[in-house]
K.L.:
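Take this structure first; my questions come after.
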Amino acid sequence: CYGCPGTTSAGIAALNVQAGEVAIRASTIMTIASSANNDLGVYASNSRVTVHDTLLTGIGNGAEGDSAVGVAGNSFVLISDSDLFNNQGSGIIVNGDEAVVHVSGSTLIGNTGNGVRNNGSAAVVLGGDPDSANAIYLNGGYGAYQAGTLVQMAGYALGPLFGSINVERA
């Protein structure tokens, strides 16, 4: 996409949207794949983005950077009541240390990578209270993978069927 870093392609890209927000509601984003690119359904970089009641499926071709939702920089991303499933990569990838990502009432199932992967020390909240719990299971990697610090992981079921958590301090 124009303005995206390197070889990144995205169905919807929000770049440097700090005044206002990009709102994606009651939508379907599917089948985005390029053999040479990191494929993302939604990409937020230094932006405010809300994804609500949206289906993201069939994103990517299995490259390491493929994800239904990619977040970078000083972004605030709220994902609620959405389904991220059967993507050829992770459900959500967060890169960097400044973003805030809150996922509530959503389903992340059957992605070939992790359900949620945080590569930095960004703040990631999964659920937050019993009424906003997420279903994160049957992903190829971990349910939630943290490679940094300052992350809250709560509000989803644990156990063999539902994935696992791997916390690795950088």
Side-chain angles (χ1 to χ4, degrees), residues 1 4-13 24 27-45 49 51 53-72 75 77-96 99 101-127 132-149 151-170:
C1 70
C4 290
T7 60
T8 297
S9 61
I12 298 173
I24 304 164
S27 300
T28 299
I29 302 169
M30 60 187 291
T31 316
I32 297 168
S34 172
S35 62
N37 290 350
N38 291 325
D39 302 311
L40 306 169
V42 174
Y43 177 61
S45 177
V49 175
V51 178
D53 188 26
T54 295
L55 167 65
L56 292 107
T57 188
I59 311 298
N61 57 14
E64 185 175 333
D66 289 355
S67 178
V69 176
V71 180
S75 293
V77 176
L78 173 62
I79 301 169
S80 61
D81 302 318
S82 294
D83 297 313
L84 290 70
F85 74 92
N86 292 341
N87 295 290
Q88 297 299 307
S90 292
I92 301 168
I93 292 179
V94 183
N95 290 308
V101 178
H102 188 181
V103 184
S104 64
S106 295
T107 303
L108 289 84
I109 300 173
N111 300 294
T112 61
N114 299 294
V116 179
R117 180 181 179 95
N118 188 356
N119 290 323
S121 60
V124 175
V125 179
L126 304 176
S132 63
N134 299 292
I136 304 175
Y137 58 93
L138 297 177
N139 294 290
Y142 294 100
Y145 180 85
Q146 169 57 45
T149 59
V151 172
Q152 299 178 31
M153 294 183 181
Y156 65 97
L158 297 176
L161 176 62
F162 296 96
S164 57
I165 295 177
N166 180 9
V167 177
E168 172 186 296
R169 300 277 179 202

K.L.:
Shortest non-hydrogen contact from I59 to D39?
P.N.:
CG2-O, 3.8 Å

K.L.:
Show the nearest heavy-atom pair for residues G127 and S104, with the distance to one decimal.
P.N.:
O-CB, 4.4 Å

K.L.:
Given 3.5 Å as the limit, does a donor-acceptor pair link the side chain of N95 with the main chain of A72, or not?
P.N.:
no

K.L.:
For residues 78-85, which side-chain donor-acceptor pairs fall under 3.5 Å, sequence neighbours excluded?
P.N.:
{"unit_1": "S80", "atom_1": "OG", "unit_2": "H52", "atom_2": "ND1", "d": "2.8"}
{"unit_1": "S82", "atom_1": "OG", "unit_2": "D53", "atom_2": "N", "d": "3.3"}
{"unit_1": "S82", "atom_1": "OG", "unit_2": "T54", "atom_2": "N", "d": "3.1"}
{"unit_1": "S82", "atom_1": "OG", "unit_2": "S80", "atom_2": "O", "d": "2.9"}
{"unit_1": "D83", "atom_1": "OD1", "unit_2": "T107", "atom_2": "OG1", "d": "3.4"}

K.L.:
Among all residues two or more places apart in sequence or in another chain, which pass the side chain to side chain contact (heavy atoms under 4.5 Å, CB included) test with S90?
P.N.:
S67, I93, N114, R117

K.L.:
Calculate, to the nearest 0.5 Å, the distance between atoms CG and CD1 belonging to N87 and I109 respectively.
P.N.:
11.5 Å

K.L.:
List the residues meeting side-chain hydrogen bond (donor to acceptor under 3.5 Å, both in side chains) with T8, not counting sequence neighbours, and say none if there are none.
P.N.:
none

K.L.:
Quick one: does any side-chain atom of N134 pair with a main-chain N or O of V103 as donor and acceptor, under 3.5 Å?
P.N.:
yes

K.L.:
About how many Å separate OG1 of T112 and CG of N61, when rounded to the nearest 0.5 Å?
P.N.:
9.5 Å

K.L.:
If you round to the nearest 0.5 Å, how far is CD1 of I24 from CD1 of I29?
P.N.:
5.0 Å

K.L.:
Return the OG to CG distance between S45 and L40, rounded to the nearest 0.5 Å.
P.N.:
11.0 Å

K.L.:
Looking at every heavy atom in both I32 and G11, which two are closest together, and how far apart are they?
P.N.:
CD1-CA, 3.4 Å

K.L.:
T31: which residues meet the side chain to side chain contact (heavy atoms under 4.5 Å, CB included) condition with it, sequence neighbours left out?
P.N.:
none

K.L.:
Listed by chain and number, what are the side-chain hydrogen bond (donor to acceptor under 3.5 Å, both in side chains) partners of N38, not counting sequence neighbours?
P.N.:
none

K.L.:
Just verifying a value: how many Å separate Y43 OH and I12 CD1, rounded to the nearest 0.5 Å?
P.N.:
15.0 Å

K.L.:
Could you report the tightest heavy-atom contact between A44 and V77, atom names first, then the distance?
P.N.:
CB-CG2, 3.8 Å

K.L.:
Sequence neighbours excluded, which residues qualify as side-chain hydrogen bond (donor to acceptor under 3.5 Å, both in side chains) partners of N139?
P.N.:
N111

